[in-house]
Undergrad: 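Take a look at the following structure, please.
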2 protein chains.
Amino acid sequence: MSDRRTEIVRAATRVIARRGVRGLRVGELAAEAGVSTSLIYYHFTDRAGILRETLEFIGERADRYTAEPARTGAADDPGGELERTLLLELQDTAEVRENSTAWGELRASAVFESSLREDLARATHTWVHEIAELLGRAHPAGTAPAHAASAERLTALLEGLSVRWLSGSLPLDHARTLLGEAIAAERASHRSSID
Amino acid sequence: MSDRRTEIVRAATRVIARRGVRGLRVGELAAEAGVSTSLIYYHFTDRAGILRETLEFIGERADRYTAEPARTGAADDPGGELERTLLLELQDTAEVRENSTAWGELRASAVFESSLREDLARATHTWVHEIAELLGRAHPAGTAPAHAASAERLTALLEGLSVRWLSGSLPLDHARTLLGEAIAAERASHRSSID
DNA sequence: GTCTATAGGACGATAGAC
DNA sequence: GTCTATCGTCCTATAGAC
């Protein structure tokens, strides 16, 4: 992928985070990327193509974003790493807000655009898998299916809390508390009596 | 509110469930309601007004929809009622799909339209309160704040699972299983040792 | 209150020069 | 590869008859 294409896709991510998928105008995207409208169409077939690649990019970036701390983090404390990784996504910084907002838009858009579903399901699966792995390392006593189920619940809960936060139904610190308690409960469920 | 207005708002709910908020066209809404485009504008100021009232209607209907079983249901089995009420929203029927889809669109739209946030937060609060009440009746040993926190987690998880289902990232029966397990775990957390 | 017809504008997309 | 200029269409919203 050429640098320009990447630039445009990154600009589109910012515009989507700011205005939503429904609010993305090719003209505004051009302005955000600092290029002309027609250059957008030189690099992409049409608006749907821009959206497709941008949402794919958001999905891929979410993969990396999630996977990285799991690899570089303290391998000797997977439990703490799990908690940090999940709570990382409930923070009021520009980057996290952009990621969460864009991811939420990707999710919401996929309800009506089946072409997005495959990428989205794959990114979701990767994320769940990462979390399940952390759980497995933190609590070897539990079974793999139980770790997977916990990871699915925790990530789905995180998505639910995140959109409640972003839509003004839940204060951020409260969302963090609720998620923290859920993590503790799921972890406890994997502790055998001999832990 | 006149009958016509109500008809149009109901039609708008169906169109939103089918096409999303971003996909709602006033012309299509008119066709769905069986009236002319201009009649829509006779009853509503503009497209944003249609959306505002429709999303408000969705929020109000969600209140009733949730609250009704809690009032009419078997008062002697609040625990079972809780489980039934929550699992009710993970069903592949036309009505539940429409409700869940429309509610998800309301939630997603509110991220970018602050005017929707107040209604949404109120409807969310009402829903959480209903669930907390059921928990309180099922497990009097628990404290009210603990019931509230459980209700917030369960409803946020349900929203997260629901949108994963609708966006094709999670099979429905799996979503139901995950929610059922979470309900059981939250209930267990409110059981004192003397239960 | 409800319709037909259409104005007006926003926005996606293209033509063509450089 | 990138721009300026513009076309065509879709869609919101209104005018005006009944």
Side-chain angles (χ1 to χ4, degrees), chain A residues 1-58 102 105-106 108-116, chain B residues 1-58 102 105-106 108-116:
Chain A
M1 188 143 85
S2 77
D3 283 358
R4 260 295 193 252
R5 280 177 79 87
T6 308
E7 274 174 43
I8 293 170
V9 164
R10 285 179 181 278
T13 304
R14 292 194 298 276
V15 175
I16 287 174
R18 200 164 59 229
R19 305 259 186 245
V21 166
R22 78 201 76 198
L24 184 142
R25 299 285 166 259
V26 180
E28 185 178 356
L29 168 57
E32 175 76 27
V35 300
S36 68
T37 299
S38 64
L39 188 62
I40 306 281
Y41 287 97
Y42 174 79
H43 286 290
F44 302 86
T45 57
D46 57 8
R47 186 179 180 279
I50 301 165
L51 242 39
R52 223 197 70 260
E53 292 201 29
T54 304
L55 296 177
E56 186 178 349
F57 169 76
I58 291 167
E105 279 292 285
L106 169 56
S109 301
V111 174
F112 302 100
E113 268 189 77
S114 53
S115 64
L116 298 174
Chain B
M1 187 141 86
S2 78
D3 283 358
R4 259 295 195 257
R5 281 177 78 88
T6 307
E7 276 173 41
I8 293 170
V9 164
R10 286 180 181 279
T13 303
R14 292 194 298 276
V15 175
I16 287 174
R18 199 164 59 230
R19 307 259 187 243
V21 166
R22 76 199 76 197
L24 183 142
R25 299 285 165 260
V26 180
E28 185 177 356
L29 168 57
E32 175 76 28
V35 300
S36 69
T37 299
S38 64
L39 189 62
I40 306 282
Y41 287 97
Y42 174 80
H43 287 291
F44 301 85
T45 57
D46 57 8
R47 186 180 180 278
I50 302 165
L51 242 38
R52 223 196 71 260
E53 292 201 30
T54 304
L55 296 177
E56 185 179 349
F57 168 76
I58 291 167
E105 279 291 284
L106 168 55
S109 300
V111 174
F112 303 100
E113 267 189 78
S114 52
S115 64
L116 298 174

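Proteins come first, then strands; the chains are lettered A, B, ... in the order of their sequence lines, and each starts at number 1. Computed over heavy atoms, backbone and side chain alike; hydrogens, waters and symmetry mates excluded.
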Undergrad: I'd like to check B/L55 versus B/I58 (side-chain heavy atoms, cut-off strictly below 4.5 Å). Are they in contact?
TA: yes
Undergrad: How does each nucleotide of nucleotides 1-17 of chain D score, in 5' to 3' order, for protein heavy atoms under 4.0 Å: base (B), sugar-phosphate only (S), or none (-)?
TA: BBBB------SSBBB--
Undergrad: How about CZ on B/R22, more than 12 heavy atoms from neighbouring residues, nucleotides or ligands closer than 6.0 Å, or not?
TA: yes
Undergrad: Rounding to an integer number of Å, can you tell me how far A/L29 CG sits from C/dG12 C1'?
TA: 13 Å
Undergrad: To the nearest 10 degrees, how far apart in direction are the end axes of the helix from C/dG1-D/dC18 to C/dC18-D/dG1, each fit to five base pairs?
TA: 0°
Undergrad: Within 45° of the axis and under 6.0 Å from the centre of the six-membered ring of A/F44, does NZ or CZ of A/R5 qualify?
TA: yes
Undergrad: Restricting to non-hydrogen atoms, name the atom on B/A102 and the atom on B/I16 that form the minimum distance, rounded to 0.1 Å.
TA: CA-CG2, 4.4 Å
Undergrad: Please check this pair: side chain of A/R47 against backbone of A/V26, looking for a donor-acceptor N/O pair closer than 3.5 Å.
TA: no
Undergrad: Do B/R4 and B/V35 have side-chain heavy atoms sitting under 4.5 Å apart?
TA: yes
Undergrad: Looking at B/T6 and B/S2, would you say the former's side chain and the latter's main chain have a donor-acceptor pair under 3.5 Å?
TA: yes
Undergrad: Mind checking what makes side chain to side chain donor-acceptor pair (under 3.5 Å) contact with A/R18, not counting sequence neighbours?
TA: A/E28, A/E32
